[in-house]
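Letters A, B, ... mirror the listed sequences (proteins, then strands); counts begin at 1. These figures come from a predicted structure and were not determined experimentally. Below, each value reflects all heavy atoms present in this structure, side chains not excepted, and no hydrogens, waters or symmetry copies.
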2 protein chains.
Amino acid sequence: MKNLDDTHVAKRNPETEDIEEMRELVIEAMSQTMSLYGFNATVGRLCGILFFAKEPMSLDDMSQAMGMSKTSVCTTIKTLVGAKAAKQVWLRGTRKDMYVAEKNFFQYFSDFFCNNLRTEVALNFAVLDKVLPLYEKILAGESRSPTRAEAEEDFSKLLEVKRYYTWLDSFVKQYLEDLKILQLPNPAESPDEP
Amino acid sequence: MKNLDDTHVAKRNPETEDIEEMRELVIEAMSQTMSLYGFNATVGRLCGILFFAKEPMSLDDMSQAMGMSKTSVCTTIKTLVGAKAAKQVWLRGTRKDMYVAEKNFFQYFSDFFCNNLRTEVALNFAVLDKVLPLYEKILAGESRSPTRAEAEEDFSKLLEVKRYYTWLDSFVKQYLEDLKILQLPNPAESPDEP
DNA sequence: GACGGTGTACAGAAAAAACTGAATAAACTA
DNA sequence: TAGTTTATTCAGTTTTTTCTGTACACCGTC
């Protein structure tokens, strides 16, 4: 691909090439890592490029570095910002949106991890809170029917699920909030969708 | 869709319909949950269907319940087994492969979680172990050049990454192994690819 | 060995996702 | 207000993923 700051490097030498290659390897690993969490290769690659960038990058910078259209980079960077792996910074002297990688990997990890788990807990509690009372209502009704037997079995399974998510909820709150307090300079807000 | 065991239920009543709907809701939530971890909706739905199934299901059972071809169900169930969300069981009296959901959600979670993090740690350590010595070599060379400045900056960034993964490694080992010991009836083996 | 039942490989169809250029909107400048 | 610069929307294209039916391999039974 292209040297990230070839504007500053007049002549190339073997070591410069080496650095290119090594960065490429690291970026590839980051990309693979992020794909474990459901991000596509493009998102991972942009994350890696931002990681090595010495200055905040504009959409045009990233577009050039990625060899992709500005449109794509725009959506990709939004994904990264959404995942808190990158953030927008304001620079005086330019009207462009500038972005930098989230350098604090501890923060990145705990944010990403926490957010996903919180989403998961919320999602499942919501449906359990909706469904369990209805099962209880059925079970409070006529005492013997095939439907009742169905309901009984579902109900006990779902109680087990609830037990799990109760545990997971406290796991997230306890362990990972501890972690945050330990690592974070700034308190993070949770971005929720309505 | 279709009642999971309508072969046993002669007549339908409102409550049976309710149970259908509630199961659908729970299955949908499970599906969404799994999509947070990069699985597609089909995988999640099959997981939900297996969760509510009273008996182990064959490929044909699942194919019918999902309204999908046997071929698709075959690959989907392999995904679930790979993620340890389902497992194959042997039943005497049939030659079919039978599958059940992994009911122990604690185990499912810790397995999935651990495996992903372990993969991540291994992946990144591998590339760091390859790349950091090369950077050191460059830094040991001629004392002043633009390339050297590049290398210095990369190197310190990568040391930070290494610090992170060292921490993550011990996090996984300590906290999650504790968790496993706490929850698991049977010791799990890690499935590694060569 | 032939046969019936079962799981999976494979090639192509269908669906979804990623990507693009052109058009539009928004935000600033003069 | 008109003009610039930048980000985003949108419709269409390319690429990737998912799904299907057919074919085949495997394994027991007759």
Side-chain angles (χ1 to χ4, degrees), chain A residues 1-2 27-28 30-32 34-50 55-83 85-100 191 193, chain B residues 1-2 27-28 30-32 34-50 55-83 85-100:
Chain A
M1 295 293 146
K2 238 177 154 304
I27 288 171
E28 175 60 24
M30 285 185 180
S31 184
Q32 280 184 253
M34 295 196 65
S35 80
L36 287 176
Y37 293 100
F39 295 101
N40 68 25
T42 302
V43 176
R45 249 177 68 227
L46 182 57
C47 196
I49 286 174
L50 277 178
E55 308 289 340
M57 295 180 85
S58 68
L59 282 182
D60 286 311
D61 295 338
M62 294 185 279
S63 173
Q64 203 222 327
M66 295 278 292
M68 284 177 63
S69 72
K70 226 170 123 180
T71 307
S72 288
V73 168
C74 178
T75 56
T76 304
I77 191 68
K78 295 251 170 285
T79 305
L80 278 179
V81 171
K87 64 183 173 199
Q88 194 175 350
V89 292
W90 281 267
L91 246 57
R92 52 183 297 158
T94 180
R95 271 153 59 196
K96 301 190 186 212
D97 296 357
M98 307 299 283
Y99 296 89
V100 296
E193 55 272 70
Chain B
M1 296 289 146
K2 240 179 153 305
I27 289 171
E28 173 61 23
M30 285 186 181
S31 184
Q32 280 184 252
M34 295 196 65
S35 79
L36 287 176
Y37 292 100
F39 296 102
N40 68 26
T42 302
V43 176
R45 251 177 66 226
L46 183 57
C47 196
I49 286 173
L50 277 177
E55 309 288 342
M57 295 181 85
S58 68
L59 282 181
D60 286 310
D61 296 336
M62 293 185 281
S63 172
Q64 204 222 327
M66 295 278 292
M68 283 177 65
S69 74
K70 224 169 123 180
T71 307
S72 287
V73 168
C74 178
T75 55
T76 304
I77 190 69
K78 295 251 169 285
T79 305
L80 278 179
V81 171
K87 65 183 173 199
Q88 194 176 349
V89 293
W90 280 268
L91 247 55
R92 51 183 298 158
T94 180
R95 272 155 56 198
K96 302 190 186 214
D97 296 357
M98 308 297 283
Y99 296 90
V100 297

If I take atom [atom1] in residue [X] and atom [atom2] in nucleotide [N], what distance separates them, rounded to the nearest angstrom?
X       : N      : atom1 : atom2 : result
A/Leu59 : C/dC19 : CG    : P     : 15 Å
A/Leu46 : C/dC19 : CG    : C1'   : 14 Å
B/Lys78 : C/dT6  : NZ    : C1'   : 12 Å
A/Asp97 : D/dT5  : CG    : P     : 16 Å
A/Leu80 : C/dA18 : CG    : P     : 13 Å
B/Met98 : C/dG7  : CE    : P     : 9 Å
A/Lys96 : D/dA7  : NZ    : P     : 7 Å
A/Phe39 : C/dA18 : CZ    : C1'   : 16 Å

Give me the residues of residues 87-94 of chain B where at least one heavy atom lies under 4.0 Å from an atom of DNA chain C, by number, or none.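 None - not one residue of the stretch has a heavy atom sitting under 4.0 Å from the strand.
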Looking only at non-hydrogen atoms, find the nearest pair between B/Lys70 and B/Ser63 and report the distance.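 Heavy atoms only, the tightest pair is N-OG, 3.7 Å.
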Identify the heavy atoms of B/Val43 and B/Asn40 that sit nearest to each other, and give their distance.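 Heavy-atom minimum between the residues: N-OD1, 3.0 Å.
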Around atom CD of B/Gln88, are there more than 12 heavy atoms from other residues, nucleotides or ligands closer than 6.0 Å?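 Yes - once you tally the heavy atoms of other residues, nucleotides and ligands closer than 6.0 Å, there are more than 12.
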Could you measure the distance from the [atom1] atom of [X] to the [atom2] atom of [Y]? Nearest 0.5 Å is fine.
X       : Y       : atom1 : atom2 : result
B/Gln64 : B/Leu59 : CD    : CG    : 13.5 Å
B/Ile77 : B/Cys47 : CD1   : SG    : 8.5 Å
A/Met68 : A/Thr76 : CE    : OG1   : 5.0 Å
A/Leu36 : A/Ser31 : CG    : OG    : 10.0 Å

Going 5' to 3' through nucleotides 18-30 of chain D and flagging B where a protein heavy-atom sits under 4.0 Å of the base, S where only the sugar-phosphate is that close, and - otherwise, we get SSBBB----B---
One pair to check against side chain to side chain contact (heavy atoms under 4.5 Å, CB included): A/Leu46 and A/Met34. What are the steps and the verdict? CA-CA 11 Å; A/Leu46 182 57; A/Met34 295 196 65; over 6 Å; no
From CA spacing to verdict: side chain to side chain contact (heavy atoms under 4.5 Å, CB included), A/Met57, A/Leu50: CA-CA 7 Å; A/Met57 295 180 85; A/Leu50 277 178; 3.8 Å; yes
